[in-house]
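The shown structure was predicted, so the numbers you read here are calculated from the model rather than taken from an experiment. Numbering of ligands and ligand atoms starts at 1, following listing order.
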Amino acid sequence: MQKYAIIVAAGKGERMGSSLPKQFMLLNGVPILMHVLQKFYDSDKKFKIILTLPEKTNLLEKWYFLCEKYNCSIPHVIVPGGETRFESVKKSLEKIEGEGLVAIHDGVRPLVSIKLIKECIGAVRKDTCSVPIIPLKNSIRKIKNKTSISLNRSNLFSVQTPQCFNVDEIKKAYTQNYSSDFTDDATVFQKNGGTIKLISGEENNIKITTKTDLKLAHLL
Ligand code: CTP
Ligand code: MG
């Protein structure tokens, strides 16, 4: 079956507080996003890669410039993203014409392993998607009115990407109207009646969100 990878990188990176969107910042001398392309390419050269970038022309040009500068020859199709991650994924799914499997991955998770990509794609069934999760390490408190309550963390997990789907099924799920609850793709899929298979994620598969995350990624 044909495999597609949608790498979403159309965000503004506000929490990073850098004028250059975080997906273009360097990690070990190479743009973060290029590490991600390389991981998917290395996991299977037949992956059709769709890269979702900010709509702004100057940022698209920045990407072309970086591709030349860092000799990126991995084939990929560029899609201008939207205002929300939901919109970015929806626009990218519209670019897929055939049937197959699709891995949807945050462009700022460069430390994902090839093993996890393969496992995630391998666990997909028609009406079942696969989602990597890891246990929480901190105690958790929910703020309620003027007080707070402790939650049992043993049944709470942190969700990662890639999240993998049957193409037709995730396309159907993305015809739903946007809801602010849709912070990841599995939530969109489940709301449409889909089933989720949880798989073991990786502690190193961090989402680079803040400057501290970038420092941590350098160390890892
Ligand atoms: N993303 C996207 N389109 C959007 C918003 C986010 O493609 N409209 C992508 C980001 O580029 C990122 C991934 O979704 O790769 C996860 O989002 P997040 O870490 O929140 O990145 P940003 O939205 O860029 O960061 P921030 O929320 O701090 O502004
Ligand atoms: Mg965001």
Novice: Kindly identify the option in Glu55, Arg85, Arg15, His105 whose heavy atom sits closest to atom 27 (O) of ligand 1.
Specialist: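 Residue with the shortest heavy-atom distance to the ligand atom: Arg15.
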
Novice: Has ligand 1 got any nitrogen or oxygen that is less than 3.5 angstrom from a nitrogen or oxygen of Gly11?
Specialist: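 Between Gly11 and ligand 1 (N or O atoms, distance only) the closest approach is under 3.5 Å.
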
Novice: Checking a contact table here: which protein heavy atom is nearest atom 24 (O) of ligand 1, and how many Å away?
Specialist: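 Result for atom 24 (O) of ligand 1: Gly13 N, 2.8 Å.
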
Novice: Charged N to carboxylate O under 4.0 angstrom, Lys137 versus Glu203?
Specialist: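 Looking at Lys137 and Glu203, the cut-off is met.
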
Novice: At less than 4.0 angstrom from any non-hydrogen atom of Gly107, what atoms of ligand 1 do you find?
Specialist: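 What qualifies from ligand 1 is 15 (O).
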
Novice: Closer than 4.0 Å to some heavy atom of Glu83 - which atoms of ligand 1 meet that?
Specialist: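 In order of numbering, the contacting atoms are 8 (N).
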
Novice: Tell me yes or no: between the side chains of Asp185 and Tyr174, is some donor less than 3.5 Å from an acceptor?
Specialist: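 Yes, because at least one side-chain N or O of Asp185 sits under 3.5 Å from a partner of the opposite role on Tyr174.
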
Novice: Taking atom types as modelled, is there a side-chain donor on Ser88 or Thr52 under 3.5 Å from an acceptor on the other?
Specialist: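 Distance-only check fails for Ser88 and Thr52.
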
Novice: For atom 9 (C) of ligand 1, which protein heavy atom lies nearest, and how many Å away is it?
Specialist: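 Protein heavy atom at minimum distance: Val8 O, 3.7 Å.
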
Novice: When you measure from atom 17 (O) of ligand 1 to every protein heavy atom, which one gives the shortest distance, and what is it?
Specialist: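 For atom 17 (O) of ligand 1, the nearest protein heavy atom is Lys207 NZ, 4.5 Å.
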
Novice: Keeping the roles fixed (side chain from Asp44, backbone from Lys46), state whether a donor-acceptor pair exists under 3.5 Å.
Specialist: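 Yes; judged by distance alone, with no hydrogens or angles, the pair exists.
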
Novice: Are any non-hydrogen side-chain atoms of Lys126 and Glu169 less than 4.5 angstrom apart?
Specialist: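 They are in side-chain contact.
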
Novice: Is Lys22 near ligand 1, meaning one of its heavy atoms is under 4.0 Å from it?
Specialist: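 In this structure, Lys22 qualifies as a contact of ligand 1 - some heavy atom is under 4.0 Å.
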
Novice: Show which atoms of ligand 1 fall inside a sub-4.0 Å distance from at least one heavy-atom site of Ser88.
Specialist: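 Atoms satisfying the 4.0 Å criterion: 2 (C), 3 (N), 4 (C), 7 (O), 8 (N).
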
Novice: Using a 4.0 Å cut-off to any heavy atom of Thr84, which atoms of ligand 1 qualify?
Specialist: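 Answer for ligand 1: 3 (N), 4 (C), 8 (N).
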
Novice: For Lys197 and Cys129, indicate whether the former's side chain and the latter's backbone hold a donor-acceptor pair under 3.5 Å.
Specialist: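 Not confirmed, Lys197 side chain does not pair with Cys129 backbone.
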
Novice: So if I count the atoms of ligand 1 from 1 in the order they appear, which ones are less than 4.0 Å from some heavy atom of Val108?
Specialist: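 So the answer, numbered in order with elements, is 12 (C), 15 (O).
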
Novice: Of the protein's non-hydrogen atoms, which lies at the shortest distance from atom 13 (C) of ligand 1, and what is that distance?
Specialist: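 I find the closest protein heavy atom is Asp106 OD1, 3.4 Å.
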
Novice: Ion pair present between Glu87 and Lys90, side-chain N to carboxylate O less than 4.0 angstrom?
Specialist: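 Lys90 and Glu87: not salt-bridged.
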
Novice: Which ligand 1 atoms, with their elements, are less than 4.0 angstrom from a heavy-atom of Ala9?
Specialist: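 Near Ala9, the atoms of ligand 1 are 7 (O), 11 (O).
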
Novice: Side-chain contact test, heavy atoms from C-beta onward, threshold under 4.5 Å: evaluate it for Phe189 versus Gln163 and give yes or no.
Specialist: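 The answer is no; the side chains never approach within 4.5 Å.
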
Novice: Gly81 near ligand 1, heavy-atom distance under 4.0 Å?
Specialist: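 No heavy atom of Gly81 comes that close to ligand 1.
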
Novice: List the closest protein heavy-atom neighbour of atom 29 (O) of ligand 1: residue, atom name, distance to the nearest 0.1 Å.
Specialist: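 For atom 29 (O) of ligand 1, the nearest protein heavy atom is Glu14 N, 2.7 Å.
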
Novice: Looking at side-chain heavy atoms only, is the closest gap between Lys69 and Pro31 below 4.5 Å?
Specialist: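 Counting from C-beta outward, Lys69 and Pro31 never come under 4.5 Å.
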
Novice: So, the side chain of Thr161 versus the backbone of Asp106: is there a donor-acceptor pair under 3.5 Å, distance only?
Specialist: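 Yes: the side chain of Thr161 pairs with the backbone of Asp106.
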
Novice: Just wondering, are more than 12 heavy atoms of other shown residues or ligands nearer than 6.0 Å to CD1 in Ile149?
Specialist: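 Atom CD1 in Ile149 is packed in, count exceeds 12.
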
Novice: Show the atoms of ligand 1 that are less than 4.0 angstrom away from any heavy atom in Lys12.
Specialist: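 Near Lys12, the atoms of ligand 1 are 24 (O).
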
Novice: Which residue holds the protein heavy atom closest to atom 7 (O) of ligand 1, what is that atom called, and what is the gap in Å?
Specialist: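 The closest heavy atom on the protein side is Ala10 N, 2.9 Å.
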
